[in-house]
J.: 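Below is one structure. I have some questions about it.
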Amino acid sequence: MNAVISWLWLILDACIDLLSQPFYYIGIIIIALWYRRQGMLERKLLHVRLNAWPLLTARAVFTGILMGIVISILYLFLGIQLSWQGVMLIWVTSFILMLFRVRYLNTVYAISILGLIQWIIGFINNWQPEGWIGSIILEIERLDISALLVLSAVLHLFHALIVRLQRGQGSSPVYFEGKRGKLVGGYQMQYFIPIPLMLLVPAISGSGATLPWNPAFTGGTGEFMLFGLPLLIGFGEMTKSMLPEEKVSLTSKRIFLYGVVLLVLGLLSMWWSPISIVAIVFAFLGHEALVWISSYEEENRSPIYVHPKQGLQILAILPGSPAEELGMAPGEVIYKVNGQIIQSPADLHRGLRMNPAFCKLEVRNINGESKFLQRAIYEGEHHQLGALLAPDPDTGSAIKERPVSIYQIFGMKLQTQRKTDPNEGFADAFRQDM
């Protein structure tokens, strides 16, 4: 009974310690600002907001808490050497990297950079600087990079599962500039999750709990305590050539494969130290490779969110709209309305007004197969049934594929450019940070 009470006190102390750290809240604030900016972009481009940023932020926090609980239980049997100064190092490094690319806020980048610095320091003999630089060097040398890489691998394995289960929920439809200067539709998807972890560490002051097992990363028995560690993982995607569900499925598989390889390399580096540099380099470059492969594929595939010669391409469906009730989906083409072939939004309005109380639709899916839908129309419903269409190729606002900075997120700047003439180009805009 005393052992149970002791562990409960340890958990309570760890929770208080975690909630007293500013890093967890900073991560949540950054995620909330990103989703809020995403909603502002939807309103500017599409004149409607599909996703509410408070709901998306709450979902990310709730998902992170669940992941934190599960991973903390799994990691309880491993153990990890870490301190408050170590947490500071990881988060300060993450913030510095974030100034260059928003995606570098992912903790795996900070861990790999610190691991590389630690590996370089190992080749410098008799170098012991004084002052605050010496303190930083000492803390970097104390970091258990192998354990942190294994932790990052486990986080990405769970992240891949969460991304797969979400099936593109929260994806934001946008307009891009195509290769020939024409507007095309697409989606940007951002998956950032703040994860509060409870890690098992050796008790520094001698007060803690005696374990009946030997944690893998500590190398000995003794008294241990729980340490609160807030981390942030994520991955950004954009697609013009695939449905959101297809892109998410492909991305989750690649993240899972990345996590498996990183896990193997991290465990090998724990048993054979020379392999650690391989694990460190892979942690950074492997993640970058995922980004490069996705970008390369998008550049070399034809966009699907463009209007065909006959009919109107659906980019997105408003939640709770008549189009959703009818079973219409992104990527499909509205071919006929009340028996009339449509080729423009004006044709769509005209066809719907032919029978203001009822509509019959012929819709073709992404495979070209036709399906016939019908439904009563009620007063006050969306004038286009709630189907957001692909953009007019020659007019409208768009975002350009260019990295977004952290300053734009905090400043809520939407640098879009409106194209009003087929011969006009686009000025500076921003892209989703991949």
J.: Can you tell me if Q313 uses its side chain to pair, donor with acceptor, with the backbone of P308 under 3.5 Å?
T.: no

J.: Would Y335 and Q343 count as having a side-chain donor-acceptor pair, cut-off 3.5 Å?
T.: no

J.: Shortest non-hydrogen contact from P319 to E324?
T.: C-OE1, 3.6 Å

J.: Is there a donor-acceptor contact under 3.5 Å from the side chain of Q118 to the main chain of L143?
T.: yes

J.: Has the side chain of S295 got a donor or acceptor atom that lies under 3.5 Å from a matching backbone atom of W292?
T.: no

J.: Does any N or O in the side chain of S72 come within less than 3.5 Å of the main-chain N or O of G68, such that one atom is a donor and the other an acceptor?
T.: yes

J.: Thinking salt bridges, do E297 and R254 make one under a 4.0 Å N-O criterion?
T.: yes

J.: Verify whether the ring centers belonging to F176 and Y305 lie closer than 6.0 Å.
T.: no

J.: One thing to verify: whether E332 and R364 come together as a salt bridge, which I'm taking to mean a side-chain N less than 4.0 angstrom from a carboxylate O.
T.: no

J.: Quick check: closest heavy atoms across C359 and N338, and the distance to 0.1 Å?
T.: CA-OD1, 3.4 Å

J.: Got a donor-acceptor contact below 3.5 angstrom from the W91 side chain to the P230 backbone?
T.: yes

J.: Any salt bridge linking K371 with E362? Criterion: basic side-chain nitrogen under 4.0 Å from a carboxylate oxygen.
T.: no

J.: Which atom names give the shortest non-hydrogen contact between A390 and H307, and what distance separates them?
T.: O-NE2, 2.8 Å

J.: Check whether any side-chain N or O of S249 sits under 3.5 Å from a backbone N or O of E246 as a donor-acceptor pair, and report yes or no.
T.: no

J.: For Y104 and F284, take the angle between the two ring planes, folded into 0 to 90°, and tell me which bin it lands in: parallel under 30, tilted 30 to 60, perpendicular over 60.
T.: tilted

J.: Do Q188 and S171 meet the criterion of a side-chain donor-acceptor pair at a distance under 3.5 Å?
T.: no

J.: Please check if the distance between the ring centroids of F282 and Y258 is under 6.0 Å.
T.: yes

J.: Which atom pair, heavy atoms only, marks the closest approach of S269 to G266?
T.: OG-O, 2.6 Å

J.: What pair of heavy atoms forms the shortest contact from I193 to L232, and how long is it?
T.: O-CD1, 3.3 Å

J.: Hey, are K247 and E245 close enough for a salt bridge, meaning a charged N less than 4.0 Å from a carboxylate O?
T.: no

J.: Take atom CZ in F95; do more than 12 heavy atoms of anything else shown fall under 6.0 Å from it?
T.: yes

J.: If I compare all heavy atoms of L312 with all of P345, which pair ends up nearest, and what's the gap?
T.: CD1-N, 3.8 Å

J.: If you round to the nearest 0.5 Å, how far is CG of L389 from CG of L315?
T.: 8.5 Å

J.: Answer yes or no: are there more than 12 heavy-atom neighbours, outside Y25 itself, under 6.0 Å from its atom OH?
T.: yes

J.: Under a 3.5 Å distance rule, please check whether N365 uses its side chain to pair with a backbone N or O of N367 as donor and acceptor.
T.: yes

